[in-house]
Peer 1: 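Here it is, the structure, as structure tokens.
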Amino acid sequence: MNAQVVKVEREINADPKRIFQAWLNADYFSRWFLSGENIGIESVFIDPRPGGKFTINMSLDGKILPHTGEYIIIEEPNKLVFTWCSHATNNRDTLVTVTLKDISKKTNDSSVSANSPRTLVTLVHEKLISDIEIKNHNHGWTNVLEGLDYWIHD
């Protein structure tokens, strides 16, 4: 089967640096990284450096579902690339790239609140091989970015 890709984007009213740190701080991460209804975070371990590993233990119906990976690229505050392995990838390493682009509009018009920070978050998940992997990860990553948006404004 050919490898397939999921791409999810979301505009978030926050500075790219703040969003970037939310991905690499275990305490922050555990508060917003929720991939769906009834899924919780049991524990998070993050070693935020190239070659560093992470483990996210999600909980669902009393079961612990480990998600693991390794950071490949960390370019603060613009880009994260990491492997992603879980039950939902049949315990195969896949590849996730998160890019953050400052899309704040600068204006001298005082009637427009366009000077507020705004970031386009783009998440690309590669090396998925089945329709169910695509569907589940598209749903999960969409919820994750929604959770990040809500958390950042909480």
Peer 1: Should L128 and H137 count as side-chain neighbours, where that means a heavy-atom distance under 4.5 Å?
Peer 2: yes
Peer 1: Out of curiosity, I64 CD1 to S43 OG, how far, rounded to the nearest 0.5 Å?
Peer 2: 7.0 Å
Peer 1: With side chain to side chain donor-acceptor pair (under 3.5 Å) as the criterion, how do E70 and T83 come out once you've worked through the C-alpha distance, each side chain's angles and the decisive distance to 0.1 Å?
Peer 2: CA-CA 5 Å; E70 180 177 326; T83 61; 5.7 Å; no
Peer 1: Find the distance between NZ (K63) and CG (N57) and round it off to the nearest 0.5 Å.
Peer 2: 15.0 Å
Peer 1: Which residues satisfy the salt bridge (charged side-chain N to carboxylate O under 4.0 Å, His left out) test with D61, sequence neighbours excluded?
Peer 2: none
Peer 1: Would you confirm whether R10, through its side chain, and D149, through its main-chain N or O, come within 3.5 Å as a donor-acceptor pair?
Peer 2: no
Peer 1: Can you tell me how the ring of H125 sits relative to the ring of W141, calling it parallel under 30°, perpendicular over 60° and tilted otherwise?
Peer 2: perpendicular
Peer 1: T119 side chain to A14 main-chain N or O, any donor-acceptor pair under 3.5 Å?
Peer 2: yes
Peer 1: For E75 and F20, which heavy atoms make the closest approach, and how far apart are they?
Peer 2: O-CE1, 3.7 Å
Peer 1: For the aromatic rings, using the six-membered ring if either is Trp, is the centroid distance between Y71 and F54 under 6.0 Å?
Peer 2: yes
Peer 1: To the nearest 0.5 Å, what is the distance between OG1 (T122) and NZ (K101)?
Peer 2: 8.5 Å
Peer 1: Out of curiosity, L123 CG to T97 OG1, how far, rounded to the nearest 0.5 Å?
Peer 2: 8.0 Å
Peer 1: ring-ring contact (aromatic ring centres under 6.0 Å, His included), that's the test. Do W151 and Y28 meet it? Break it down for me.
Peer 2: CA-CA 9 Å; W151 175 80; Y28 296 161; 5.3 Å; yes
Peer 1: To the nearest 0.5 Å, what is the distance between CD on E9 and CG on L145?
Peer 2: 9.5 Å
Peer 1: Checking side-chain contact (heavy atoms from CB on, under 4.5 Å) for the pair W23/L148: CA distance, chi angles, key distance, verdict?
Peer 2: CA-CA 9 Å; W23 282 89; L148 175 60; 3.8 Å; yes
Peer 1: Under 3.5 Å, side chain of W32 to main-chain N/O of Y150, donor-acceptor pair present?
Peer 2: no
Peer 1: Report the hydrophobic cluster partners of I103, with the cluster defined as I, L, V, M, F, W, Y residues connected by side-chain heavy atoms closer than 4.5 angstrom, directly or transitively.
Peer 2: L120
Peer 1: Could you work out the complete set of other residues in the hydrophobic cluster of V81, with links drawn between I, L, V, M, F, W and Y side chains under 4.5 Å apart?
Peer 2: I72, I73, L95
Peer 1: Could you check N78 against T99 for side-chain contact (heavy atoms from CB on, under 4.5 Å), going step by step and ending with a plain yes or no?
Peer 2: CA-CA 6 Å; N78 302 310; T99 55; over 6 Å; no
Peer 1: Do T142 and V144 have side chains that get closer than 4.5 Å, going by heavy atoms?
Peer 2: no
Peer 1: Would you say the side-chain atoms of H153 pair up with the backbone N or O of N13, donor to acceptor, closer than 3.5 Å?
Peer 2: yes
Peer 1: Looking only at heavy atoms, what is the nearest atom pair of S59 and I41, with distance?
Peer 2: OG-N, 4.3 Å
Peer 1: Of all residues at least two apart in sequence or in a different chain, which pass the side chain to side chain donor-acceptor pair (under 3.5 Å) check with E146?
Peer 2: none
Peer 1: State, to 0.1 Å, how close R118 and S104 come at their nearest heavy-atom pair, and which atoms those are.
Peer 2: N-OG, 2.8 Å
Peer 1: Please find the pair of heavy atoms, one from D27 and one from N25, that lie closest to each other, and give the distance.
Peer 2: N-OD1, 2.9 Å
Peer 1: Could you check whether Q21 and E76, counting side-chain N and O atoms only, form a donor-acceptor pair closer than 3.5 Å?
Peer 2: yes
Peer 1: For D47, enumerate each residue passing the salt bridge (charged side-chain N to carboxylate O under 4.0 Å, His left out) test, keeping only those at least two apart in sequence or located in another chain.
Peer 2: R49
Peer 1: At what distance, to the nearest 0.5 angstrom, does OG of S116 lie from NZ of K105?
Peer 2: 11.5 Å
Peer 1: Apart from V124 itself, what residues make up its hydrophobic cluster when side-chain heavy atoms of I, L, V, M, F, W and Y under 4.5 Å apart count as a link, directly or indirectly?
Peer 2: V5
Peer 1: Run the side-chain contact (heavy atoms from CB on, under 4.5 Å) check on T89 and T94 step by step: do they pass?
Peer 2: CA-CA 7 Å; T89 65; T94 57; 3.8 Å; yes
Peer 1: Please report the closest heavy-atom contact between D93 and C85, naming both atoms and the distance.
Peer 2: OD1-CB, 3.4 Å
Peer 1: Would you confirm whether N90, through its side chain, and R92, through its main-chain N or O, come within 3.5 Å as a donor-acceptor pair?
Peer 2: no
Peer 1: Could you walk me through whether L34 and N143 pass side-chain contact (heavy atoms from CB on, under 4.5 Å), step by step?
Peer 2: CA-CA 7 Å; L34 300 171; N143 284 336; over 6 Å; no
Peer 1: State, to 0.1 Å, how close P50 and I74 come at their nearest heavy-atom pair, and which atoms those are.
Peer 2: N-CD1, 3.9 Å
Peer 1: Hey, are K135 and D131 close enough for a salt bridge, meaning a charged N less than 4.0 Å from a carboxylate O?
Peer 2: no
Peer 1: Is K127 paired with E133 through a side-chain N to carboxylate O contact shorter than 4.0 Å?
Peer 2: no
